[in-house]
Structures are given as structure tokens and as C-alpha cells.
Amino acid sequence: MDYQFDNEKPIYIQLVEHIKKEIVSGRLKSGEKIPPVRELAVQAKVNPNTVQKALAELERCGLIYTERTNGKYVTQNTDTIKNFRNELIGERVNSFLADMIHMGVGREEIAEYLKQIKGGKNSETA
């Protein structure tokens, strides 16, 4: 996993977001074991306590669970993963729309542009 952090928000939140993306994208599969805290801390170059805090948040959300003495695993509840995936998609789409509207691009223009991309008419972004 590739970790790049910014100074805009706490590292543990960025870790949570990164691991969520890994799960909802399928790079971390349902039922797959999560690497141990120390290993994740070394990979991310952060304090193990920061990783532990991120994992606790993911467990609270229901995306991972702990098997006593065996470690942490990605939830096997596909509905939970699907719900988080839809939530992330919604956040990204709303952020995109807000940026475009702020730039003065209307919803109809956005829709037309997306149709062009889907149809392969815009080779720059397709």
C-alpha cells in the first residue's frame, strides 16, 4: 500500500480513508487478514498508536473485525462494503459537482461532457 499524507487532517483519518478505499475497491478482499499494526506502521512510516487508532475506527464502522489472537480481518458482510463504496462514490461525485459549479460549469454542460466521455468522443480523458 502506498501512503502519502498531507497536513490538512490527522494522519489516522487519512489512514482510515486509505484502508476504506483498499476495501471498497477490492484490493483488500472480504475476509482477508489485515497486516499487523507494527507492519502497517512501518509501511506507512507512522507511529503504531496512530495505526491502532485508525484500525479501531474501521472496526467501529464495521469494515473490519478482530479474531482474538488471530488478528484483524476485512468484514465478510458485502452489504457493509457496498454501502461504504456507495458513500465514497457519493462524496466524490458531490465534490466534483461542487468544484464544477464553482467554476461556472452548469449541470447540463457537465452531463453532456460525461456523455461524450462515455461515448468515447473525448480522447483527452477517455
Side-chain angles (χ1 to χ4, degrees):
M1 288 189 244
D2 183 34
Y3 297 94
Q4 294 181 352
F5 303 110
D6 64 41
N7 293 325
E8 297 301 313
K9 53 181 136 174
I11 291 174
Y12 89 93
I13 291 175
Q14 293 177 68
L15 281 171
V16 167
E17 291 170 351
H18 182 83
I19 296 170
K20 276 183 183 179
K21 287 178 199 168
E22 294 292 308
I23 293 170
V24 301
S25 70
R27 287 188 288 274
L28 278 174
K29 308 255 184 272
S30 178
E32 184 176 340
K33 186 172 183 177
I34 305 284
V37 170
R38 291 186 193 284
E39 185 179 324
L40 285 173
V42 169
Q43 289 175 5
K45 298 179 181 140
V46 298
N47 187 299
N49 292 333
T50 303
V51 172
Q52 187 61 44
K53 189 172 182 179
L55 294 177
E57 177 63 20
L58 288 164
E59 191 158 4
R60 188 191 66 73
C61 293
L63 279 173
I64 67 172
Y65 65 95
T66 301
E67 275 189 13
R68 213 172 119 208
T69 72
N70 287 331
K72 297 186 183 300
Y73 295 82
V74 176
T75 184
Q76 294 183 31
N77 185 331
T78 55
D79 287 339
T80 298
I81 294 171
K82 185 178 178 181
N83 289 340
F84 274 97
R85 184 174 191 274
N86 289 338
E87 183 180 306
L88 285 175
I89 290 169
E91 289 172 4
R92 293 293 171 96
V93 168
N94 287 334
S95 176
F96 168 76
L97 289 173
D99 286 347
M100 293 298 102
I101 290 167
H102 183 73
M103 289 173 39
V105 180
R107 289 181 186 270
E108 296 80 21
E109 188 177 354
I110 295 166
E112 185 58 37
Y113 185 77
L114 292 173
K115 284 180 196 173
Q116 289 176 5
I117 291 172
K118 184 178 179 187
K121 294 179 184 173
N122 187 331
S123 61
E124 293 177 2
T125 58

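All heavy atoms count here, side chains included; hydrogens, waters and symmetry mates do not.
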**Prompt:** Counting distance only, does the side-chain N/O of S30 pair as donor-acceptor with the main-chain N or O of T75 below 3.5 Å?
**Reply:** yes

**Message:** Check for me, please, whether L63 and L88 land in the same ILVMFWY cluster - side-chain distances under 4.5 Å, paths through other members count.
**Reply:** yes

**Asked** Are Y73 and I34 connected in a single hydrophobic cluster, I mean Ile/Leu/Val/Met/Phe/Trp/Tyr linked by side-chain heavy atoms less than 4.5 Å apart?
**Response** no

**Item:** Point-to-point distance, once rounded to the nearest 0.5 Å, from CD1 of I13 to CD of E57
**Value:** 8.0 Å

**Item:** V105 reachable from V93 in the ILVMFWY side-chain graph, under 4.5 Å edges
**Value:** yes

**Request:** Apply salt bridge (Lys or Arg N to Asp or Glu O under 4.0 Å) to E109 and list each qualifying residue two or more places apart in sequence or on a separate chain.
**Result:** none

**Message:** Quick check against the 3.5 Å criterion: does Q52 have a side-chain atom that pairs as donor or acceptor with the backbone of V37?
**Reply:** no

**Item:** Among N86, I23, L28, the one residue meeting side chain to side chain contact (heavy atoms under 4.5 Å, CB included) with I81
**Value:** I23

**Message:** Could you walk me through whether Y12 and N49 satisfy the side chain to side chain contact (heavy atoms under 4.5 Å, CB included) test, starting with their C-alpha distance in whole Å, then the side-chain angles of each, then the deciding distance to 0.1 Å, before giving a yes or no?
**Reply:** CA-CA 9 Å; Y12 89 93; N49 292 333; over 6 Å; no

**Asked** Is there a path from L58 to V46 through hydrophobic residues (I, L, V, M, F, W, Y) whose side chains come within less than 4.5 Å of each other?
**Response** yes

**Fill in**
Applying side chain to side chain contact (heavy atoms under 4.5 Å, CB included) to N7 and not counting sequence neighbours gives none

**Asked** Below 4.0 angstrom, N of the basic side chain to O of the carboxylate: do E17 and K20 qualify?
**Response** no

**Request:** In sequence, state the C-alpha distance, the side-chain angles, and the governing distance for K29 and V74, and then conclude on side chain to side chain contact (heavy atoms under 4.5 Å, CB included).
**Result:** CA-CA 7 Å; K29 308 255 184 272; V74 176; over 6 Å; no

**Request:** Working to the nearest 0.5 Å, report the span between CG of L40 and OG1 of T50.
**Result:** 12.0 Å

**Request:** Say whether Y3 and Q14, considering side chains only, have a donor N or O and an acceptor N or O under 3.5 Å apart.
**Result:** no

**Message:** Do L114 and I89 sit in one hydrophobic cluster, given that two such residues count as connected whenever their side-chain heavy atoms are within less than 4.5 Å of each other, even indirectly?
**Reply:** yes

